[in-house]
Amino acid sequence: MTHSTTQSQRNLACLIGFVTMSFALAISLASSVFADDRPPNIVFIITDDQKNDQLGYLEGEALTPNLDRMASEGAIFEQSYVASSVCSPSRYTVLSGQYASRVDLPFFAQSTTDEGVRRVLWNVGFSPGQPTLQSVLQDNGYTTGMIGKWHINGVGNRPPTPPKGSDPADPEIAAILQANHEALREGIKHHGFSWADHVYAGNLVDDKRLVNTGMDEHNMEWLTDAALRFIEENRDEPFFLYFATTLNHVPDPNKSLREADPRISGEGLLPEPITGIMPPRETIYERLAEAGVDEKHAMALWLDDGIGAILTKLEELGI
């Protein structure tokens, strides 16, 4: 048996264990809801660079009623740890079920020292044909959707970067931004997702296509809108939604809330702001003041509002 075959079997065994635990937990929690034999829907929310004080139920500083509700109605794992404290390898581990140090790609191996120590940072990615959480679920009848920040493999042949200071309202620049977003969507689909929309390649501040056009601002409404659409479109069949927010990472979410044009998005300047799906941005600081919560936690409430909209949609549909 060759090394590659052995490695492939180990990867699959590890992933099966990961998926089995996920299914066991999901089925256990959902057993009272589902009367038929349909597998449970799975919504996996991964936030970015979130600290303990940004979760109300942990330290009592932030205003996060929806996350607090999830904590009180669900399960909290108090001795659970990420495989890596860095963004990309954590995402890789979540979706692959294995340590990021086991990545089997040439550009990852090039970062290995002469002593055999692997450099695990933003150099991780899925190998062709590698089983992943989403691909295994897809093979078992799930529609798999991805929204938000990717930051794993390079995805798609992306268009040229517009020069710094480009006007996103310029039709030529707008076309580049749209083409970039479409390339990201299609690229992500090659990694086990049957559906992808409202996505980012990585950190907003690292994507020159966004930075050079002023599109490097958070837009929680844009992400949430896609989540609600995905859930509505797939309400009748089992689905897996991987919802990866850009909050609470850089750029400064408070700046995005206070100063950014709400039409800014990863696909360019929207025709109009997205409204009506979650509390208006302008009410965030008002609600913080009423609750006596420091304004530095505004991004936590903004995030919580989006998650609350997802919970509400699931309840409205009875799924």
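Since we're looking at a predicted model, the values are computed, not measured.
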Indicate whether any N or O donor in one side chain lies under 3.5 Å from an N or O acceptor in the other, for His249 and Asp48. no
Looking only at side-chain N and O atoms, does Glu61 offer a donor or acceptor that is under 3.5 Å from a partner on His297? yes
N/O donor-acceptor pair under 3.5 Å between Thr161 side chain and Arg209 backbone: no
Kindly say whether Asp49 contributes a backbone atom to a donor-acceptor pair with the side chain of Asn248 at under 3.5 angstrom? no
So does Val205 get a backbone contact from the side chain of Asp216, meaning a donor-acceptor N/O pair under 3.5 Å? no
Okay, side chain of Arg118, backbone of Thr112: is any donor-acceptor separation there less than 3.5 Å? no
Give a yes or no answer on whether the side chain of Thr144 reaches the backbone of Ser194 with a donor-acceptor pair at less than 3.5 Å. yes
Expected output: side-chain Thr132 to main-chain Ser135 donor-acceptor under 3.5 Å: yes
Minimum heavy-atom separation for Phe126 and Asn153, please, with both atom names. N-OD1, 2.7 Å
Any donor-acceptor pair under 3.5 Å linking the side chain of Asp170 with the backbone of Ser166? no
So, Asn234 and Tyr142: side-chain donor and acceptor under 3.5 Å apart, yes or no? no
Ignoring hydrogens and geometry, is there a side-chain-to-backbone donor-acceptor pair from Asn180 to Arg158 under 3.5 Å? no
Any side-chain to backbone donor/acceptor pair from Thr213 onto Gly268? Under 3.5 Å, distance only. no
Please say yes or no: joined through hydrophobic side-chain contacts below 4.5 Å, possibly via intermediate residues, are Leu184 and Val211 part of one cluster? no
Are any side-chain N or O atoms of Asp304 and backbone N or O atoms of Ala300, one a donor and one an acceptor, separated by less than 3.5 Å? no
Looking at Tyr242, is Arg91 sitting on its ring face, NZ or CZ under 6.0 Å from the six-membered ring centre and within 45 degrees of the normal? no
All heavy atoms of Pro262 vs all of Asn219, minimum pair found to be O-ND2, 3.1 Å
For a quick check under 3.5 Å, do Gln98 and Ser96 share a side-chain donor-acceptor pair by atom type? no
